[in-house]
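Report on one structure; see the data block that follows.
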Amino acid sequence: MKVIIAEKPSVAREIAKVFGANTKREGYIEGKGYTFTWAFGHLLQLAPPQEYGYYGWSVQNLPMLPQKFKLAIRKVKTKEGMVDDPSVKKQLDIIKGLFDEATEIIVATDAGREGELIFRYIYYFLKCKKPFKRLWISSQTDAAIKEGFRNLKPGTDYDTLFNSAHCRSQSDWLVGMNATQALSLSSGTRSVLSLGRVQTPTLAMICSRYLENKNFVPQIYYQVAIQVDKDGQLFRAISANSYKTKEEAQTIADRVEDVAAGFPQGGHILSVEAKPRKEPPPLLHDLSSLQQEANKRKGFTADYTLSLLQNLYEGKLVTYPRTGSRYIGDDVFATVPGLIDKFTGHDVFGKQATALTTAKLNKRSVNAKKVTDHHAILPTGEAARQLTPDQQAVYDMVVGRMLEAFHQDCIKEITKIAVQSGSKFMASGTVINTPGWRAVFNDKDEEKKDEENASLPKVTQGENLPVTNKAVLEKQTKPKPLYNEASLLKALETAGKEIEDEELRYAMKDSGLGTPATRASIIETLVKRDYITREKKNLVPTETGLSVYGVVKDQQIAQAELTGNWEKRLEEIRSGASVNSFLAEIQQYTRSITSEMLKAGTALRVVAKQI
DNA sequence: GCAAGGTC
């Protein structure tokens, strides 16, 4: 008997379907001489400190550097404290039973570093010795699964990938556990002051933006506005220059040749420039872009959006949500016309869906090379019923985005008019000629929302028009806004882009800080630690958060570069470099950050007293 | 009591 093990039940079901196996058992499916079982993500994790003899939280134990890491069953919180998750225990027993019977194991966990780790931890924890092969596919269509099974790889091909994954895991444990205990113990506050490779740079971003925003000194400046009348259609033009003092601006306003000053036609049209612009549709959603949209449209937190999506996924209404890709492959694209057909009767999008059934579909989101473990989020086409309003809202964002992504370009005309009236004034406006994808939601164009004169009247160069009003405007420069969940998610994704060191930047190009599956929980961790709070939509640091930021801000652990550095080394390990030299460096760094944090806590104590 | 990673 051959056993196939997937990362999650949905994938096991898909594969079983391709094989025509359909006998459902507790924890697996069987048929045609195969069994198809699954994990639920990481069933095992590196054992906590007490399993190596580090009891309690104590400076004497630090730094904790286990000789050899152990594995432990994933824990769940109960009234009696942390206990082995019973559903995990049960599934592990089922997997063990199947592995014992197996002649061969086929590894079908997700094609990536963590997928490899999920399987290997199970395999080693169960002390299994059976041979295994690797299925390596990036989409779960029937064709891709069949092709993958014709091309199974030897399991040992992925030993170095496992090494890099195991290093990632141990390094996070070493640095996180030790730095957290060191800072918490030395602060003397008896609260948990956690630190980690991902959460601390995230905290640092929120704090540094907050301080920059708070300390921003706005500069006041002045402009002059005039109102011009074209056959009863009014539009506004703003002085081409801005002025430091009100007096300078007033001088410009005094020179305006408006009707009240005795000039019936004092607005001279210097130039009219009208440029058509094509705006391509947005890409399909990955988890992060959808969380950002849901935060902007509905104010949902990243965590809440993920939980809504998980509901929809379990109800088989949307494809796998924790994806980092905004693309689909050609195989999935082939199913899109049928999918669009399912929405021609939709309340809101029916008309646009119908229009798309006869149009040539835009292929901007189709690129198999940019599909990683999972493709972009799509509806499955199953009929949606009895959704809560919030589930419905997120579901509609998925459906709407699909229609947008395959729609035509939006064609706009951007008009700039220069008017001379004493001095030079400018008016600009945007007119949408063909809405294309913008017809789906029919939203206002975000970037132009504040701008007046969305459409400008037709004027011609050389025309003279009456200026019917004028005013001096007082304006001020604005600081960068505080982070909200949408802008923070975006910043986490692109955290690597601002790194100066080219190699580190390159190492982070596909990752950013954290992963799509974990970013929401990172934000929740910072909230739980009382490092940040939500004020309206903004994420604002607390006193505690700012104090911790104060002591770590110049440390490596607070920089995105640390992740870049690790990613570079982990990639080298994947291609065969030594594991031990990297781990030795991590141990050295653990010693140094631990001693720094043991010292740093005293500074925190002073801060705590001052508050 | 603690990391980051995955998922129900």
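Computed from heavy atoms alone, side chains included, the values below leave out hydrogens, waters and symmetry copies. Convention: sequence-line order gives letters A, B, ...; per-chain numbering from 1.
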Grab the [atom1]-[atom2] distance between [X] and [N] for me, whole Å please.
| X | N | atom1 | atom2 | value |
| --- | --- | --- | --- | --- |
| Tyr589(A) | dA3(B) | OH | P | 15 Å |
| Leu570(A) | dA4(B) | CG | C1' | 13 Å |
| Tyr52(A) | dA3(B) | OH | C1' | 12 Å |
| Leu62(A) | dC2(B) | CG | P | 16 Å |
| Met597(A) | dA3(B) | CE | C1' | 15 Å |
| Leu203(A) | dA3(B) | CG | P | 13 Å |
| Leu117(A) | dT7(B) | CG | P | 13 Å |
| Phe40(A) | dT7(B) | CZ | P | 13 Å |

Does the structure place the NZ or CZ of Lys8(A) under 6.0 Å from the centre of the six-membered ring of Tyr320(A), at an angle of no more than 45° from the ring's axis?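 Flagged: Lys8(A) positioned over aromatic ring of Tyr320(A).
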Consider the side chain of [X], meaning its heavy atoms from C-beta on, and name the nucleotide among [options] that approaches it most closely.
| X | options | value |
| --- | --- | --- |
| Tyr313(A) | dG1(B), dT7(B), dC8(B) | dC8(B) |
| Trp173(A) | dT7(B), dA3(B), dA4(B) | dA3(B) |
| Glu7(A) | dA4(B), dC8(B), dT7(B) | dT7(B) |
| Glu314(A) | dG5(B), dC8(B), dC2(B) | dC8(B) |
| Tyr320(A) | dT7(B), dA3(B), dG5(B) | dT7(B) |
| Val198(A) | dG1(B), dA4(B), dA3(B) | dA4(B) |
| Asp172(A) | dG5(B), dC2(B), dA4(B) | dA4(B) |

Specify the residue among Tyr54(A) and Arg322(A) whose closest nucleotide of DNA chain B lies further upstream toward the 5′ end.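 Closer to the 5' end of DNA chain B: Tyr54(A).
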Given DNA chain B, 5'-ward residue of the pair Val192(A) and Gln310(A), judged by closest heavy atom: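 Result: Val192(A).
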Has [X] got a side-chain N or O lying under 4.0 Å from the OP1 or OP2 atom of [N]?
| X | N | result |
| --- | --- | --- |
| Gln199(A) | dA4(B) | yes |
| Gln181(A) | dC2(B) | no |
| Arg113(A) | dA4(B) | no |
| Arg519(A) | dA4(B) | no |
| Arg190(A) | dC2(B) | no |

Test of ring centre spacing under 6.0 Å for Tyr121(A) and Phe125(A):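 Tyr121(A) vs Phe125(A): aromatic centres not under 6.0 Å.
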Any donor-acceptor N/O pair, [X] side chain to [Y] backbone, under 3.5 Å:
| X | Y | value |
| --- | --- | --- |
| Thr323(A) | Asp286(A) | no |
| Tyr52(A) | Lys70(A) | yes |
| Ser184(A) | Gln181(A) | no |

Is [X] touching bases, backbone alone, or none of the nucleic acid, heavy atoms closer than 4.0 Å?
| X | value |
| --- | --- |
| Thr518(A) | base |
| Leu193(A) | nothing |
| Asn178(A) | nothing |
| Ser87(A) | nothing |
| Arg529(A) | sugar-phosphate |
| Pro49(A) | base |
| Gln45(A) | base |
| Gly115(A) | nothing |

For Asp142(A), is there an ion pair with Lys17(A) - N to carboxylate O distance below 4.0 angstrom?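 No, no charged N to carboxylate O under 4.0 Å.
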So, taking the atom named CZ in Phe162(A) and the one named CG in Leu117(A), what distance separates them when rounded to the nearest 0.5 Å?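 So the CZ of Phe162(A) and the CG of Leu117(A) are separated by 6.5 Å.
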